[in-house]
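Take a look at the structure set out below.
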Amino acid sequence: MARRSIAKEAALIRQRLGNRPIVLVGLMGAGKTSVGRRLAEKLGLAFVDADHEIETAAGKPIKDIFAEHGEAYFREGERRVIQRLIGNGAQVLATGGGAYMNDETRARIQAAGVSVWLKASLAILMKRVAKRQDRPLLQTEDPEAVMRGLIDKRYPVYALADVTVESRDVQHGQMVNDVIRALAQWSGWDRQAHE
């Protein structure tokens with residue numbers, strides 16, 4: 001029974017979405033890429049990872065862009081790439097943790113897409129990011145303090161997203177179902193997308 005209702009909700013979301021992208025926002029470790037890839041599959045949409053697109057465009061890893069050019073340079077490139085990607089229609093787009101903090105990027109996402117914040121606790125984020133060494137903002141003596149600072153700064157802005165889904169320590173499939181349920185219940189589908 002539950003599987004059928006998720007399938008029905010997914011079909012309804014796909015229909016309501018039209019030509020808009022679903023844009024996943026949240027901190028590093030929230031699950032945007034892993035959940036996004038599976039969400040796209042369930043909705044029959046393409047999955048695009050903005051960080052991967054940035055690396056492809058730059059011809060180098062994000063940590064090297066940070067090291068060689070600094071965060072401001074990276075953020076400007078990120079803004080341009082996301083502007084381009086949002087124009088590609090219906091898809092699931094995973095953005096980097098800082099992307100939604102840019103006013104112009106956030107306005108473009110709000111105008112042309114449906115934003116979903118994967119909100120995770122500090123403990124979950126730290127557990128997940130500890131497994132990877134490619135997080136430029138966490139290359140510091142106290143990564144947990146940095147993450148706590150990012151939560152304080154970014155969560156009020158992420159809260160502007162259309163839909164918020166609690167990122168939990170469960171299988172990815174369960175998280176995808178949580179996102180589908182939240183999108184199916186979202187009351188903002190009728191707002192007009194401004195191109």
Please report the interatomic distance CD1(Ile151) to OG(Ser121), rounded to the nearest 0.5 Å. 7.5 Å
So, for Ala112 and Pro21, which heavy atoms are closest and what is the spacing to 0.1 Å? O-CD, 3.1 Å
Can you check side-chain contact (heavy atoms from CB on, under 4.5 Å) on Asn177 and Arg181, steps first, answer last? CA-CA 6 Å; Asn177 290 348; Arg181 283 190 198 98; 3.7 Å; yes
Ion pair Glu76/Arg80, N-O distance below 4.0 Å: yes
Rounded to the nearest 0.5 Å, how far apart are CD of Gln91 and CD1 of Ile22? 10.0 Å
Kindly work out whether a path of hydrophobic side-chain contacts (I/L/V/M/F/W/Y, heavy atoms less than 4.5 Å apart) joins Val165 to Ile6. yes
Does one hydrophobic cluster hold both Val81 and Phe66, with members joined at side-chain heavy-atom distances below 4.5 Å? yes
Look up atom OG1 in Thr95 and atom CG in Asp51, then write down how far apart they are to the nearest 0.5 Å. 8.0 Å
Lys/Arg N to Asp/Glu carboxylate O, Arg75 vs Glu78, below 4.0 Å: yes
Is any side-chain heavy atom of Tyr155 less than 4.5 Å from a side-chain heavy atom of Leu27? yes
Is there a side-chain contact between Arg38 and Met175, using heavy atoms and a 4.5 Å cut-off? no
Applying a strict under-4.5 Å side-chain criterion to I, L, V, M, F, W and Y, I'd like to know whether Val176 and Val170 cluster together. yes
Look only at the side chain of Asp162 and the backbone of Ser115, and say whether a donor-acceptor pair between them is shorter than 3.5 Å. yes
Quick check against the 3.5 Å criterion: does Glu55 have a side-chain atom that pairs as donor or acceptor with the backbone of Ile62? yes
Donor-acceptor under 3.5 Å (Ser167 side chain, Ala30 main chain): yes
Assign the ring pair Trp189 / Trp186 to parallel, tilted or perpendicular, where the plane angle (0 to 90°) is split at 30° and 60°. perpendicular
Side chains of Arg128 and Met28: does their closest heavy-atom pair fall under 4.5 Å? no
At their closest point, which heavy atom of Leu45 faces which heavy atom of Ala90, and how far apart are they? CD2-CB, 3.9 Å
Any side-chain heavy-atom pair from His172 and Arg37 closer than 4.5 angstrom? no
Could you give me the CA-CA distance, side-chain angles and deciding distance for Val114 and Val23, then say whether side-chain contact (heavy atoms from CB on, under 4.5 Å) is met? CA-CA 6 Å; Val114 178; Val23 183; over 6 Å; no
Could you please spell out the steps behind the side-chain contact (heavy atoms from CB on, under 4.5 Å) verdict for Leu39 and Val116? CA-CA 12 Å; Leu39 177 66; Val116 177; over 6 Å; no
Can you check side-chain contact (heavy atoms from CB on, under 4.5 Å) on Tyr100 and Ile109, steps first, answer last? CA-CA 8 Å; Tyr100 202 66; Ile109 291 168; 3.8 Å; yes
Please check if the number of heavy atoms outside Lys153 that lie under 6.0 Å from its NZ is greater than 12. no
Below 4.5 Å, heavy atoms only, C-beta onward: do Ile54 and Phe74 meet side chain to side chain? yes
Evaluate the side-chain proximity of Val25 to Val157: yes if any heavy-atom separation is below 4.5 Å, no if none is. no
Would you compute the distance between atom CG of Leu150 and atom CG of Leu125 and round it to the nearest 0.5 angstrom? 9.5 Å
Salt-bridge test for Lys32 and Asp49: reply yes if a basic N is under 4.0 Å from a carboxylate O, no otherwise. no
Between Ala40 and Phe47, which heavy-atom pair has the shortest distance, and what is it? CB-CB, 3.7 Å
Considering residues, nucleotides and ligands other than His69, do more than 12 of their heavy atoms fall under 6.0 Å from its NE2? yes
Would you call Glu104-Arg108 a salt bridge at under 4.0 Å N-O? no
Kindly compute the distance separating CG (Leu43) from CD1 (Ile180), expressed to the nearest 0.5 Å. 5.0 Å
Heavy atoms, side chains only, cut-off 4.5 Å: are Leu160 and Arg106 in contact? yes
Are any of the side-chain heavy atoms of Val163 and Trp117 separated by less than 4.5 Å? no
Nearest-0.5 Å distance that lies between atom OH in Tyr73 and atom CD in Glu68: 9.0 Å
